[in-house]
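Working notes, beginning with the structure itself.
Read the numbers this way: they start at 1 and go in the same order the structure lists the ligands and their atoms. The analysis underlying the following values was restricted to heavy atoms, covering all of them including side chains, and did not include hydrogens, waters or symmetry mates.
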Amino acid sequence: MEFKNLLWQLDENILFITINRPDKLNALNGDTLVEIKEAFLTAKNITTLKGIIITGAGEKAFVAGADIAEFQGLDANQAKALAQRGHDIFFLIEQMPIPVIAVVNGFALGGGCELSMACHLRIATSNAKFGQPEVNLGIIAGYGGTQRLIQYIGKAKALELHLTADMIDAQTALNLGLLNYIENDKSAAIDKAKSIINKIATKGPIAIAKVIACTNAFYTDGVDGFATEVNAFSDIFSSSDVLEGVSAFLEKRKPAFTGK
Ligand code: COA
């Protein structure tokens with residue numbers, strides 16, 4: 001697919017989405033957000049896809065935030081629409097039925113940190129820096145950052161990061177629970193992400209989608225996560241994958257899941 005601010009590359013059934021505005025440190029302007037939405041909606045319909053890796057062009061930044069230039073002259077209603085659009089797109093990413101991994105190379109600030117947190121896993125390069133610096137501008141996170149940072153690192157540290165606007169390095173982010181792995185450079189981080197996606201692709205695809213949905217249910221207001229799990233468990237038993245998985249174990253062979 002062709003985009004203005006994204007690169008879309010399919011390689012061995014893994015989709016690479018690269019945010020491609022390196023001269024603006026890949027800041028998320030409106031056009032880029034709309035393209036991200038289009039990319040994920042398209043990806044959702046590609047049945048052969050094993051997973052998605054999202055990263056930023058260049059070595060300096062994953063995404064240095066929402067595009068600050070677009071905040072000029074916004075009124076309250078426009079700001080609400082902007083935040084809502086971001087929320088909808090980041091929920092779309094979080095609810096993808098296949099693994100989405102952020103490869104965080106350099107700055108992941110504001111909307112960049114928020115984008116990485118909407119992904120299922122985060123692998124950073126050793127030079128990555130995370131932060132929610134919005135209060136420096138007299139604003140707050142608007143793409144889910146006040147909620148998702150707590151989910152990963154707890155209230156004390158999440159409040160500290162939002163209130164002080166401090167940046168943390170990759171090692172601190174790993175220690176706090178924000179990251180899954182740190183790799184030396186982008187190419188090693190991409191290799192790690194690919195190997196995780198390829199490993200997940202050997203499992204039952206229905207089960208993988210249900211794990212993601214049940215995990216999201218824990219964090220969804222008004223949704224009983226335990227009830228979601230019971231229903232998901234029972235849904236799986238109406239698929240042929242469950243027969244294949246169990247038979248393969250008993251016959252001491254590798255399962256050949258079909259996702260049906
Ligand atoms: N929105 C719009 N443009 C941005 C941006 C953002 N969030 N972050 C960086 N840019 C632009 C800069 O304006 C600059 O553009 P220019 O060359 O046309 O002047 C370019 O990207 C390079 O950034 P620069 O600030 O010169 O790089 P730096 O290495 O000196 O600093 C940062 C890097 C990340 C510390 C700094 O760019 C920054 O603080 N960015 C804003 C982070 C932020 O507040 N994010 C949350 C937004 S809600």
Verify side-chain contact (heavy atoms from CB on, under 4.5 Å) between I123 and I53, making sure each step is shown before the conclusion.
-> CA-CA 10 Å; I123 302 174; I53 296 173; over 6 Å; no
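- Closer than 4.0 Å to atom 26 (O) of ligand 1 lies none of the heavy atoms of the protein.
- Among I68, I140, L109, the residue whose heavy atom sits closest to atom 47 (C) of ligand 1 is I68.
- At least one N or O atom of K24 sits closer than 3.5 Å to an N or O atom of ligand 1.
- In terms of protein heavy-atom proximity, atom 28 (P) of ligand 1 is closest to K60 NZ, 3.7 Å.
- Counting protein heavy atoms only, atom 44 (O) of ligand 1 is closest to P133 CG, 3.6 Å.
- Remark: atom 31 (O) of ligand 1 lies closer than 4.0 Å to no protein heavy atom.
- Contact check for H162 versus I140: no side-chain heavy atoms found under the 4.5 Å cut-off.
- Listed by chain and number, the residues in a salt bridge (Lys or Arg N to Asp or Glu O under 4.0 Å) with E160 are K157 (sequence neighbours excluded).
- Between the side chains of N231 and T228, not a single donor N or O lies within less than 3.5 Å of an accepting N or O.
- A tilted orientation is assigned to the rings of F233 and F237, their planes being inclined by 30° to 60°.
- Cation-pi geometry between R122 and F62 is not met at under 6.0 angstrom from the ring centre and within 45 degrees of the axis.
- In terms of protein heavy-atom proximity, atom 5 (C) of ligand 1 is nearest to A27 CB, 4.0 Å.
- When distances from atom 12 (C) of ligand 1 to the protein are checked, no heavy atom turns up under 4.0 Å.
- The side-chain heavy atoms of N20 and F3, taken from C-beta on, include no pair separated by under 4.5 Å.
- Considering only heavy atoms from C-beta on, L115 comes within 4.5 Å of I93 through its side chain.
- An N or O contact shorter than 3.5 Å links A66 to ligand 1 by distance.
- Within a 4.0 Å radius of atom 16 (P) of ligand 1, the protein has at least one heavy atom.
- By the definition of a contact as any protein heavy atom under 4.0 Å away, atom 37 (O) of ligand 1 is in contact.
- In this structure, L25 has a heavy atom closer than 4.0 Å to ligand 1.
- With a 4.0 Å heavy-atom cut-off, ligand 1 is reached by the backbone of D23 but not by any atom from C-beta on.
- Ionic pairing of E12 and K194 is not present here: no N-O contact between side-chain nitrogen and carboxylate oxygen is shorter than 4.0 angstrom.
- With ligand atoms numbered from 1 in the order given, ligand 1 contributes 1 (N), 2 (C) to contacts under 4.0 Å with heavy atoms of D67.
- The closest heavy-atom contact to atom 8 (N) of ligand 1, among the options G106, G110, A64, comes from A64.
- Protein non-hydrogen atoms do reach within 4.0 Å of atom 21 (O) of ligand 1.
- Taking a 6.0 Å sphere around OH of Y181, one finds it holds 12 or fewer heavy atoms contributed by other residues, nucleotides or ligands.
- Side-chain atoms of T258 and E244, non-hydrogen and from C-beta on, never get closer than 4.5 Å to each other.
- Applying the 4.0 Å criterion to heavy atoms of F71 picks out, from ligand 1, the atoms 48 (S).
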